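Take a look at the structure below.
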Amino acid sequence: MRGVYGRVRRRSIPDLAPHPNRAAALRLLRGLSGPLDEARGARLLALYGVARPREATEASPAAAAAAARRLGFPVAVKALADPGRGCKP
C-alpha cells in the first residue's frame, strides 16, 4: 500500500494468524451470497466461540414442551420461516 493510508494501516492493524476454525467457516459459507439463515449463522458464531443461548427446534407442541423442560425455564418460543418461502412477500 502506498501513501498515508498504507503507513497508518501497517501501524494500526497487527498481523494476526487466521482463526483455527477459519477453514471450517469458509466451507460453511462456500457458494452462498446474501443474508444467512438463523441456523447457519448460529453454526458460524459457534465456530468462532461466540456464546449463544441453548436452543431446540421442535415440530410439535408436545416436543416443544419437553425441550423447554430439558433446557430449563424461562424459555422463549419463536416461529421459524419455511426456508423455501422466505420471510415476507
Side-chain angles (χ1 to χ4, degrees):
M1 291 187 169
R2 296 179 185 217
V4 175
Y5 176 74
R7 287 192 301 273
V8 170
R9 183 172 165 76
R10 282 192 301 274
R11 275 194 321 234
S12 63
I13 300 175
D15 290 327
L16 297 175
H19 191 278
N21 288 334
R22 183 174 187 270
L26 291 173
R27 281 192 303 274
L28 179 70
L29 299 173
R30 184 177 296 137
L32 299 177
S33 65
L36 296 176
D37 62 46
E38 187 171 351
R40 188 168 278 131
R43 288 194 303 268
L44 184 63
L45 290 172
L47 285 171
Y48 284 94
V50 176
R52 291 181 28 91
R54 295 180 306 156
E55 62 184 271
T57 302
E58 303 298 343
S60 71
R69 286 189 293 277
R70 188 173 62 251
L71 293 172
F73 291 93
V75 298
V77 177
K78 179 179 173 182
L80 296 177
D82 180 358
R85 297 191 55 165
C87 293
K88 293 182 180 180

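Along the sequence shown, residues are numbered consecutively beginning with 1. Just so it is clear, the model here is predicted, and its values are computed rather than measured.
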Just distance, no hydrogens or angles: give the donor-acceptor pairs under 3.5 Å from side chains in residues 73-80, sequence neighbours left out.
residue: K78; atom: NZ; partner: E38; partner atom: OE1; Å: 2.6
residue: K78; atom: NZ; partner: E38; partner atom: OE2; Å: 3.3

For L29, the other hydrophobic cluster members (4.5 Å side-chain criterion, sorted by chain and number) are L28, L32, L36, L44, L47, Y48

Sorted by chain and residue number, the side chain to side chain contact (heavy atoms under 4.5 Å, CB included) partners of S33 (sequence neighbours excluded) come out as none

Does N21 reach the main-chain N or O of A24 with its side chain, forming a donor-acceptor pair under 3.5 Å? no

More than 12 heavy atoms of other groups within 6.0 Å of R22 CZ: no

Could you pull out the closest heavy-atom pair between A67 and E58, with the gap in Å? CB-OE2, 3.7 Å

